[in-house]
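Proteins get letters first, then strands, A, B, ... in listed order; numbering begins at 1 in each.
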2 protein chains.
Amino acid sequence: MDNNAVFQRFITFTAAVHQVTNEFMKELRLDSVTPVQYGILQYIAIHQPVTPSQISECQHISMPNTSRELKKLYERELCEKIDAPEDRRKQYIRLTPGGEALMNEAFAYLQSRFLEQIRDVSAEELADIEQALGLLEAKVFYTR
Amino acid sequence: MDNNAVFQRFITFTAAVHQVTNEFMKELRLDSVTPVQYGILQYIAIHQPVTPSQISECQHISMPNTSRELKKLYERELCEKIDAPEDRRKQYIRLTPGGEALMNEAFAYLQSRFLEQIRDVSAEELADIEQALGLLEAKVFYTR
DNA sequence: CCTTTAAGTTATCAAATGATAACTATAAGG
DNA sequence: CCTTATAGTTATCATTTGATAACTTAAAGG
């Protein structure tokens with residue numbers, strides 16, 4: 001198996017993923033929230049409850065900047081912090097009902113675009129796609 | 001087949017792709033070039049020769065901003081424009097030797113990280129991965 | 001021709017993001 | 001205890017990116 005060929009595929013693939021997701025995100029006009037803030041909210045939505053440190057590490061945003069953006073999200077009541085009982089330095093963050101509503105709206109739009117994107121695939125192909133997503137997430141796009 | 005389940009996978013998958021590629025790009029300390037400029041250079045590297053309009057559309061950057069960033073790349077001699085013979089308004093852009101060198105360096109680093117990421121996969125799994133990349137690119141992450 | 005459209009440029013401004021230093025509070029480890 | 005490490009905050013500044021208006025040049029379509 002040619003490693004170079006797989007790598008080429010990897011590069012064009014990741015470029016394609018970015019292009020498509022950026023297109024989706026552009027159409028989804030989220031005016032109350034910046035791209036970085038959306039990334040944070042989506043990370044919370046998928047992994048909640050999370051700590052600011054986790055957000056900082058996984059979203060590659062420095063702690064000071066994470067803190068700043070979270071503060072804006074608290075002020076807009078899109079997420080909230082809960083003091084961790086086991087360690088008083090720590091805090092857990094989760095979406096507020098308003099944040100859930102925002103993310104549900106976003107996901108609903110993204111789902112409609114996703115379904116449009118796969119409107120021509122058969123049921124068997126869809127199963128293959130689901131499997132492919134799982135395979136790549138497990139074997140390539142994972143973090144230790 | 002549950003469309004919602006596939007969509008869930010799609011969301012967590014694209015989030016994972018962004019996380020991993022952002023991590024790679026952070027480690028790859030490209031000091032001569034900003035993230036947006038790198039995106040442009042990579043797009044040129046994959047699709048060259050391309051026009052500024054294509055870059056603008058595919059990278060979702062307005063024409064004025066595309067023009068500005070390209071200008072900086074010309075000045076650093078990372079890419080160059082060639083007037084299109086068939087339409088004197090148009091121009092084709094390609095990497096200069098310096099730009100090729102920069103991208104080769106970047107790709108070499110990304111390849112080393114990619115190989116590290118898949119170091120535990122068997123030959124059969126690698127074939128599956130290659131196929132999965134192709135399938136998803138064709139059926140999900142394409143642009144019309 | 002003449003008008004309209006397309007490709008690209010320049011200038012300018014605002015907003016978002018990144019980087020860093022200095023700080024508080026708590027936990028953990030000799 | 002005392003020192004060090006961890007979690008998070010605040011303030012500040014520089015850079016990057018996005019948005020918009022006004023412009024030039026050339027093609028295209030009556």
Between A:K72 and A:E75 (salt bridge meaning N to carboxylate O under 4.0 Å), is one present in this structure?
no
A:F10 vs A:F141 aromatic rings, parallel, tilted or perpendicular, using cut-offs 30° and 60°?
parallel
Nearest-nucleotide comparison on DNA chain C, the residue closer to the 5′ end among A:P85 and A:S62
A:S62
Transitive ILVMFWY side-chain link A:L70 to A:I82, under 4.5 Å
no
Are the side chain of B:S56 and the backbone N or O of B:P52 linked by a donor-acceptor pair below 3.5 Å?
no
Is any side-chain N of the basic residue among A:K26 and A:E23 closer than 4.0 Å to the acidic one's carboxylate O?
no
Can you see if the side chain of A:K81 gets near the phosphate of D:dT9 - specifically, an N or O under 4.0 Å from OP1 or OP2?
yes
Check each residue of residues 28-59 of chain A for a non-hydrogen atom within less than 4.0 Å of any atom in DNA chain C, then write out the ones that pass by number, or none.
A:T34, A:P35, A:V36
Roughly how far, to the nearest 0.5 Å, is CD of B:Q91 from CD1 of B:I93?
5.5 Å
Whole angstrom is fine here: how far is it from CD1 in B:I61 over to P in D:dT16?
14 Å
Rounded to whole Å, the OH-C1' distance (A:Y74 to D:dT10) equals 14 Å
Nearest-angstrom distance from the residue atom CE of A:M63 to C1' of C:dT24
13 Å
Can you tell me if B:K26 touches the phosphate of C:dA19, counting only side-chain N or O atoms and a distance under 4.0 Å to OP1 or OP2?
yes
B:D83 CG to D:dA27 P, in whole Å, measures 11 Å
Mapping A:P64 and B:K71 onto DNA chain C by nearest heavy atom, which one lands closer to the 5' end?
B:K71
Which residues in residues 86-93 of chain A have a heavy atom closer than 4.0 Å to any atom of DNA chain C?
A:D87, A:R88, A:R89
Transitively linked via ILVMFWY side-chain contacts under 4.5 Å: A:L41 with A:I46?
yes
Students often mix this up, so state it plainly: with edges at 30° and 60°, are the rings of A:H18 and B:H18 parallel, tilted or perpendicular?
perpendicular
Separation of C:dG8 atom P from B:I82 atom CD1, nearest Å, is 13 Å
Calculate the interatomic distance between A:E69 atom CD and C:dA19 atom C1'; express it in whole Å.
14 Å
In whole angstroms, how far is the P atom of C:dG18 from the CZ atom of A:R68?
8 Å
Quick one: are B:Y109 and B:E27 in side-chain contact, heavy atoms under 4.5 Å?
yes
Between C:dT12 atom P and B:N65 atom CG, what is the distance in whole Å?
15 Å
